[in-house]
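Contents: one structure, followed by commentary.
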Amino acid sequence: MKETKGKLLLVYLGMLLLGIYILAPVTWIVMMSFKSKIDVISVPPKFIFTPTFDNYLALFGLGKVGLLTGTTFLSFFKNSLILALGSVLLSIVLGMPAAYAFARLRFKAKESLAFTFLSFRFVPEITIILPLYVIYQKLNLYNTYTGLILVYQLISLPFIIWMMRSYFEEIPVAIEQAARTDGYSWGRTFFRMVLPLAAPGVAASLVLAFIFCWNNFIFGLMLGGTNTQPVTVGLLSFMGTNEVQWGLMAAATVIAVIPLMVLALSVQRYMVRGLTLGAVK
């Protein structure tokens, strides 16, 4: 009994240390977002300080602190929403039928084709960014929402295809066969029977793909201009030749994380089920 309690104590201690290790940077960024410029650069660092909302007010256009106005930051935020939502919606439209075909149909080179889609995630983005830059310049896709949404498919489409394939494979074929026997068409069977059963998988795939697209940096930096750059690239605007606006950068980081947290919490119930639905596969 004492040995078991000792092991549990070590496990809880390890979990506590891991939690501190994970949350410490997040806590520091949140604290920094409420600090004044003097408190941010103070040595030694201040853990007790008078909080200020100047950084957040500046981001929302209610003031100006340093290098970036609120209008500029909100445009970056809007760009991220457009790019992430557009990329995920396009990936769902294209990826869900492909995932269902890989799960149900049998044809030659099926696994090779599926692996080809997956291989798009293997290649480092930096190795293909220069050819893409030249192609985008010639096709007039540089600094356009359309161009960035298309290139974001390299991030979201392979992920959604492989995630949704495992969820569709977990749904018994007998359910579809019974529906077809009752006179359901293929489309009605898919949308009325298969898709509701795969809803947790769809939710998990959508949220994770949205997070991957939202966090992307290199595509927005190299293929987007001032009109289409996402918030991840916009954070560079806080870095000037003379100083770095750490307080504004911390506040912008906190605001940029909020949509991801709200989205994840809103579909948390489906995500937990969806992430474990294809666990056996």
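It should be emphasised that the depicted structure is a prediction, and the values quoted were computed from it without experimental measurement. No hydrogens, no waters, no symmetry mates; every other heavy atom, side chains included, goes into these values.
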Legend entry - Leu236/Phe217 under side chain to side chain contact (heavy atoms under 4.5 Å, CB included): CA gap, chis, key distance, verdict: CA-CA 11 Å; Leu236 297 177; Phe217 174 78; 3.8 Å; yes

Inset, instruction - Decide whether a cation-pi geometry holds between Arg180 and Tyr184; the criteria are a distance under 6.0 Å from NZ or CZ to the six-membered ring centre and an angle within 45° of the ring axis. - result: no

Inset, instruction - Check each of Phe76, Phe77, Tyr152 against Trp214 using the ring-ring contact (aromatic ring centres under 6.0 Å, His included) test, and report the only one that passes. - result: Phe77

Legend entry - Least distance between heavy atoms, Ala198 atom then Phe168 atom: CB-CE2, 3.8 Å

Inset, instruction - Any chance you could pull the hydrophobic cluster mates of Ile22, using side-chain heavy atoms under 4.5 angstrom and chaining through other members? - result: Leu18, Tyr21

Inset, instruction - Check step by step if side chain to side chain contact (heavy atoms under 4.5 Å, CB included) holds for Val173 and Gln177. - result: CA-CA 6 Å; Val173 182; Gln177 293 174 344; 3.7 Å; yes

Legend entry - Side-chain touch Ser205/Tyr167, heavy atoms, less than 4.5 angstrom: yes

Legend entry - Side chain Ser42, main chain Pro45, donor-acceptor under 3.5 Å: no

Legend entry - Side chains of Phe117 and Ile160 in contact at under 4.5 Å (non-hydrogen atoms): no

Legend entry - ILVMFWY network linking Leu130 to Val233, side-chain heavy atoms under 4.5 angstrom: yes

Inset, instruction - In sequence, state the C-alpha distance, the side-chain angles, and the governing distance for Asn143 and Thr228, and then conclude on side-chain hydrogen bond (donor to acceptor under 3.5 Å, both in side chains). - result: CA-CA 6 Å; Asn143 193 22; Thr228 57; 2.7 Å; yes

Inset, instruction - Begin with the C-alpha distance, continue with both residues' side-chain angles, and end with the deciding distance and a verdict on side chain to side chain contact (heavy atoms under 4.5 Å, CB included) for Val40 and Lys46. - result: CA-CA 8 Å; Val40 169; Lys46 287 186 177 181; over 6 Å; no

Inset, instruction - Could you tell me whether the side chain of Leu223 reaches within less than 4.5 Å of the side chain of Ile129, counting heavy atoms only? - result: yes

Legend entry - Contact summary for Ala84 and Phe210, nearest pair of heavy atoms: CB-CE1, 3.4 Å

Inset, instruction - Would you check if the distance from the ring center of Phe122 to the ring center of Phe115 is below 6.0 Å? - result: yes

Legend entry - Non-hydrogen atoms of Leu141 and Thr144 that approach each other most closely: O-OG1, 2.6 Å

Legend entry - Reported CD-to-CZ distance for the pair Glu111 and Phe102, which is rounded to 0.5 angstrom: 8.5 Å

Inset, instruction - Taking atom CD1 of Ile38 as the centre, report whether more than 12 heavy atoms of other residues, nucleotides or ligands fall under 6.0 Å from it. - result: no

Inset, instruction - Can you label the angle between the Phe238 ring and the Phe73 ring as parallel, tilted or perpendicular, going by 30° and 60°? - result: tilted

Legend entry - From Asn216 atom CG to Thr232 atom OG1, the distance as rounded to the nearest 0.5 Å: 6.5 Å

Inset, instruction - Could you check Tyr100 against Arg165 for side chain to side chain contact (heavy atoms under 4.5 Å, CB included), going step by step and ending with a plain yes or no? - result: CA-CA 6 Å; Tyr100 184 79; Arg165 178 187 180 183; over 6 Å; no

Inset, instruction - Find out if a path of hydrophobic residues (ILVMFWY) with successive side-chain heavy-atom gaps under 4.5 Å connects Val123 to Phe219. - result: yes

Legend entry - Joint hydrophobic cluster, Met32 plus Val244, side-chain heavy atoms closer than 4.5 Å: yes

Legend entry - Gap separating the CG atom of Leu89 from the CG atom of Leu94, nearest 0.5 angstrom: 11.0 Å

Legend entry - Smallest separation among heavy atoms of Gln229 and Gly225, with atom names: CG-O, 2.7 Å

Legend entry - Leu235-Trp28 co-clustered via ILVMFWY side chain contacts under 4.5 Å: yes

Legend entry - Contacts of type salt bridge (Lys or Arg N to Asp or Glu O under 4.0 Å), residue Lys110, not counting sequence neighbours: none

Inset, instruction - Check the hydrophobic clustering (I, L, V, M, F, W, Y; side-chain heavy atoms under 4.5 Å; chains of links allowed) and say if Phe53 and Phe49 are grouped together. - result: yes

Inset, instruction - Rounded to the nearest 0.5 Å, what's the gap from CD1 on Ile149 to CG on Leu90? Could you check? - result: 7.5 Å

Legend entry - Ala98 to Ile161 - nearest heavy-atom pair and separation: CB-CD1, 4.1 Å

Inset, instruction - Would you confirm whether Ser156, through its side chain, and Ser91, through its main-chain N or O, come within 3.5 Å as a donor-acceptor pair? - result: no

Legend entry - Sidechain-backbone polar pair: Lys37 side chain, Trp246 backbone, donor-acceptor under 3.5 Å: no

Inset, instruction - State, yes or no, whether a side-chain contact exists between Lys78 and Leu74 at a heavy-atom distance under 4.5 Å. - result: no

Legend entry - Residue pair Ile155 / Phe159, side-chain heavy-atom distance below 4.5 Å: no

Inset, instruction - Mark yes or no: Arg121 above the aromatic ring of Phe212, with NZ or CZ under 6.0 Å from the six-membered ring centre and no more than 45 degrees from the axis. - result: yes

Legend entry - Pro230 backbone acceptor or donor facing Asn79 side chain under 3.5 Å: no

Inset, instruction - Would you sort out whether Ser36 and Asp39 count as a side-chain hydrogen bond (donor to acceptor under 3.5 Å, both in side chains), showing the intermediate values? - result: CA-CA 5 Å; Ser36 63; Asp39 292 334; 3.2 Å; yes

Legend entry - Glu176/Arg104 salt bridge by N-O under 4.0 Å criterion: yes

Inset, instruction - Hey, could you give me the CG/CE distance between Asp182 and Met193, rounded to the nearest 0.5 Å? - result: 8.5 Å

Legend entry - Flag, side chain of Asn55 to backbone of Phe34, donor-acceptor distance under 3.5 Å: no

Legend entry - Shortest non-hydrogen separation from Ser33 to Val30 and the atoms involved: OG-O, 2.6 Å

Legend entry - Pairwise side-chain contact, Leu154 with Val151, heavy-atom cut-off 4.5 Å (strictly under): yes

Legend entry - Phe120 side chain near Gln153 side chain, heavy-atom distance below 4.5 Å: no

Legend entry - Sub-4.5 Å side-chain heavy-atom contact between Leu157 and Trp162: no

Inset, instruction - With rounding to the nearest 0.5 Å, note down the distance linking CD1 in Ile82 to OG in Ser87. - result: 11.0 Å

